Amino acid sequence: MQVRFAAVRPEGDYVLALPVASGSGPADRVGLDAAAVAIVRRAAEGARFEGEAGAIAEAVVPEGESVRRLLLVGTGAAGDAERNGFEQAGSALTARLLTSGEKCLVVDIARLTAGDAGAAAAHVALGALLRGWRHDTYRTKLPAKAKPSLAELVIVGGDDAFVAQAQAAWAPLKALADGIAFTRELVSEPANIIYPESFVERCQPLKDLGVEIEVLDEKAMAKLGMGALLGVAQGSARPARLLVMKWDGTGGTKAPIAFVGKGVTFDTGGISIKPAGGMEDMKWDMGGAGAVAGAMKALAGRKAKAHVIGVCGLVENMPDGKAQRPGDVVTSMSGQTIEVINTDAEGRLVLCDAITWVQKTHKVKTVIDLATLTGAMIIALGHEHGGLFSNNDDLADQLVAAGKASGDKLWHFPLSDTYDKLIDSPIADMKNVGPRDAGSITAAQFIKRYVEDGVRWAHLDIAGMVWAAKPGTLWDKGATGYGVRLLDRLVADQFEG
Ligand code: BES
Ligand code: MN
Ligand code: ZN
């Protein structure tokens, strides 16, 4: 969908949408002639439309010799209209019109009295773009009627000053939308298309945005002693990769912050194999790595004044004659040894070496990892919050705040020595699973053992957030792009300027 901002409504055929805040009488805001106002008022009544964020009332109204399709769209209460209400309005319009046959949507916000019209317009566009994203690559028989038709979104604001303001507000949000779309693409692709090497290839275009890319192959990782990550990969015909993406918008003046993503491009469980039912979901077990890649794209795309290193531990977890066995002991890059009790607890084995690598290679003071780490996280939080675990309460608070502000919500869980003890092993330094209870916490405790002194660390278990079984406000069913907005917001609030 093309987005543009204009001073006045264009000529020709389009659907006109008029945003309405809740509590304001719709009819006196629409700026139409008397006959049309009566029609619109009746339509609003018939839809019980009161301007709630994302609500829509629809009518066809006369316009000169012709008629026009008109949608009132709610932006909610004025208080939260600054962002959410406008995004929900844009999203609801796209959901309604995407495959309707309509090609052009004009949203006229010129009559908006309160707030920053430029920012409002940019958030309408963001909501529209995010909700309109689809992955139709493999649907060769989609009937014409089911294909997206909406190709153009014009947001009208009354004057040239609006156009300039909206464009300025849109530039960073467009970068964010591109980053989220990239994450969704990586997550949606099946595991025969996205595997460690092809994940790396898809990220190469980030170079055009100024991201520096470094790739470690298995030989390089073996030399560094990454026995935990390589142990997971050894049952797969697809060789593992460590992908490193660097963005420095500070001109070398600041220490980097690191984002580390679990990139298990498919998780069969390995020899501790998963049941067949629903195993196809494990194509999105690289959602943490996908979020890191999308966040790098968003940050570079808006030229964030921050220094960020994104690391993706990319492996496929397969059962095979060469696969690691339950009971195997592997040595991680940190030197710590691990008894692999369950080959399905592979994410932590990948993360520990990726985290060690970034701490040993770069002077990072803050490390945030993202991973679809445990099914237990979904039992605890469902699909509303990601789980947050941290060794630093300030960082945790900053992440919770960024979650609230961005909509990618987080819930803070505890860590303690008593949980840590649960992963002690009789034969090695630790085992890769504890008892069934508190499975998400013991997983976090495992990762914590790889965080060096003086490093602020947070672990985000996003198992419940990467994939949506039904459409949400800003996404269709499928890949959500969770995490990109969160990291972008955290960087904007804490690591820039
Ligand atoms: N990738 C899974 C976790 C997962 C499950 C994410 C369902 C999304 C949906 C992870 O590698 C895993 O298999 N975890 C095990 C850990 C257990 C063996 C301790 C789990 O959660 O069952
Ligand atoms: Mn697993
Ligand atoms: Zn996994």
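Just so you know, residue 1 is the first one in the sequence shown, and it goes up from there. Keep in mind that this is a model prediction, so the values were computed, not measured. First listed ligand is number 1; within each ligand, the first listed atom is number 1.
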**OP:** Would you name the N/O/S atom of Asp267 that lies closest to the Zn ion (ligand 3)?
**Re:** OD2
**OP:** Please lay out, stage by stage, how Lys262 and Asp369 fare under the test salt bridge (charged side-chain N to carboxylate O under 4.0 Å, His left out).
**Re:** CA-CA 8 Å; Lys262 169 179 172 181; Asp369 76 76; over 6 Å; no
Original post:
Within a strict 4.5 Å, meaning less than it, do heavy atoms of the Leu242 and Met221 side chains meet?
Top reply: yes
Original post:
Taking the six-membered ring of Phe266, is the NZ or CZ of Lys283 close enough (under 6.0 Å from the centre) and on axis enough (within 45°)?
Top reply: no
Subject >> Lys448 atom NZ, over 12 foreign heavy atoms within 6.0 Å >> reply: no
Subject >> Contact partition for Asp344 relative to ligand 1, non-hydrogen atoms under 4.0 Å >> reply: both
Original post:
Is the distance from the Zn ion (ligand 3) to the nearest N/O/S atom of Asp344 under 2.8 Å?
Top reply: no
Original post:
Applying a 4.0 Å heavy-atom criterion (strictly less than), which segment of Trp467 is in contact with ligand 1: side chain, backbone, both, or neither?
Top reply: neither
**OP:** Could you tell me whether some N/O pair between Asp267 and ligand 1 is separated by less than 3.5 angstrom?
**Re:** yes
**OP:** Could you tell me whether any N, O or S atom belonging to Asp285 is less than 2.8 Å from the Mn ion (ligand 2)?
**Re:** no
Subject >> Ala376, any N or O under 3.5 Å of ligand 1 N or O >> reply: no
Original post:
Is there an N/O/S atom in Gly347 that lies less than 2.8 Å from the Zn ion (ligand 3)?
Top reply: no
Original post:
Are side-chain heavy atoms of Phe259 and Leu487 found at a separation under 4.5 Å?
Top reply: yes
Subject >> Heteroatom of Glu346 nearest to the Mn ion (ligand 2) (N, O or S, atom name) >> reply: OE1
Original post:
Would you say Met282 contacts ligand 1, with heavy atoms under 4.0 Å as the rule?
Top reply: yes
**OP:** Write out the residue and atom name of the closest protein heavy atom to atom 14 (N) of ligand 1, then the distance separating them to 0.1 Å.
**Re:** Leu373 O, 3.4 Å
Original post:
What atom name does the N, O or S atom of Asp267 nearest to the Mn ion (ligand 2) carry?
Top reply: OD2
Original post:
Any chance NZ of Lys246 has more than 12 other-residue heavy atoms, nucleotides or ligands included, within less than 6.0 Å?
Top reply: yes
**OP:** Give the atoms of ligand 1, by number and element, whose distance to some non-hydrogen atom of Gly375 is under 4.0 Å.
**Re:** 3 (C), 4 (C), 5 (C), 20 (C), 21 (O)
**OP:** Tell me, with the steps shown, if Asp408 and Ser406 meet side chain to side chain donor-acceptor pair (under 3.5 Å).
**Re:** CA-CA 5 Å; Asp408 285 352; Ser406 68; 4.6 Å; no
Subject >> Sub-4.0 Å heavy-atom contact, Asp281 with ligand 1 >> reply: no
Original post:
After noting the C-alpha distance and the side-chain angles of Thr442 and Val433, does the key distance pass the side-chain contact (heavy atoms from CB on, under 4.5 Å) rule?
Top reply: CA-CA 7 Å; Thr442 50; Val433 296; over 6 Å; no
Original post:
Any non-hydrogen protein atom below 4.0 Å of atom 22 (O) of ligand 1?
Top reply: no
**OP:** List the closest protein heavy-atom neighbour of atom 16 (C) of ligand 1: residue, atom name, distance to the nearest 0.1 Å.
**Re:** Arg348 NH2, 4.0 Å
Subject >> Numbering as shown, the atoms of ligand 1 that approach Val433 to under 4.0 Å (heavy-atom distance) >> reply: 19 (C)
Original post:
Can you list the ligand 1 atoms lying under 4.0 Å from a non-hydrogen atom of Trp284?
Top reply: 8 (C), 9 (C)
Subject >> ligand 1 versus Lys262: contacting region, heavy-atom distance under 4.0 Å >> reply: side chain
Original post:
Is a side-chain donor-acceptor pair under 3.5 Å present for Thr268 with Asn317?
Top reply: no
Original post:
Which heavy-atom pair separates Leu142 from Arg134 by the least distance, and what is that distance?
Top reply: CD2-NH2, 3.6 Å
Original post:
Glu346 heavy atoms, cut-off 4.0 Å: which ligand 1 atoms fall inside?
Top reply: 11 (O)
Original post:
Does atom CD of Glu212 have more than 12 heavy-atom neighbours from other groups under 6.0 Å away?
Top reply: no
Subject >> Atom name in Asp285, limited to N/O/S, at shortest distance from the Zn ion (ligand 3) >> reply: OD2
**OP:** Could you tell me which atoms of ligand 1, counted from 1 in the order shown, lie closer than 4.0 angstrom to a heavy atom of Thr372?
**Re:** 1 (N), 2 (C), 3 (C), 6 (C)
Original post:
Identify the closest protein heavy atom to atom 18 (C) of ligand 1: which residue and atom is it, and at what distance?
Top reply: Asn342 ND2, 3.4 Å
Subject >> Test item: Arg302 and Val491 side chains (from C-beta on) under 4.5 Å apart, heavy atoms >> reply: yes
Original post:
Hey, what's the ring geometry for His459 with Trp457, parallel, tilted or perpendicular (30° and 60° as the breaks)?
Top reply: parallel
**OP:** Quick one: report the N, O or S atom of Glu346 that is nearest to the Zn ion (ligand 3).
**Re:** OE2
Original post:
Tell me, do Phe413 and Met377 make a side-chain contact under 4.5 Å, heavy atoms counted?
Top reply: yes
Original post:
Rounded to the nearest 0.5 Å, how far apart are NE2 of His385 and CG of Leu460?
Top reply: 13.0 Å
Original post:
What about Lys274: any of its N or O atoms under 3.5 Å from an N or O on ligand 1?
Top reply: yes
Original post:
Counting from 1, what ligand 1 atoms have a heavy atom of Thr374 closer than 4.0 Å?
Top reply: 3 (C), 21 (O)
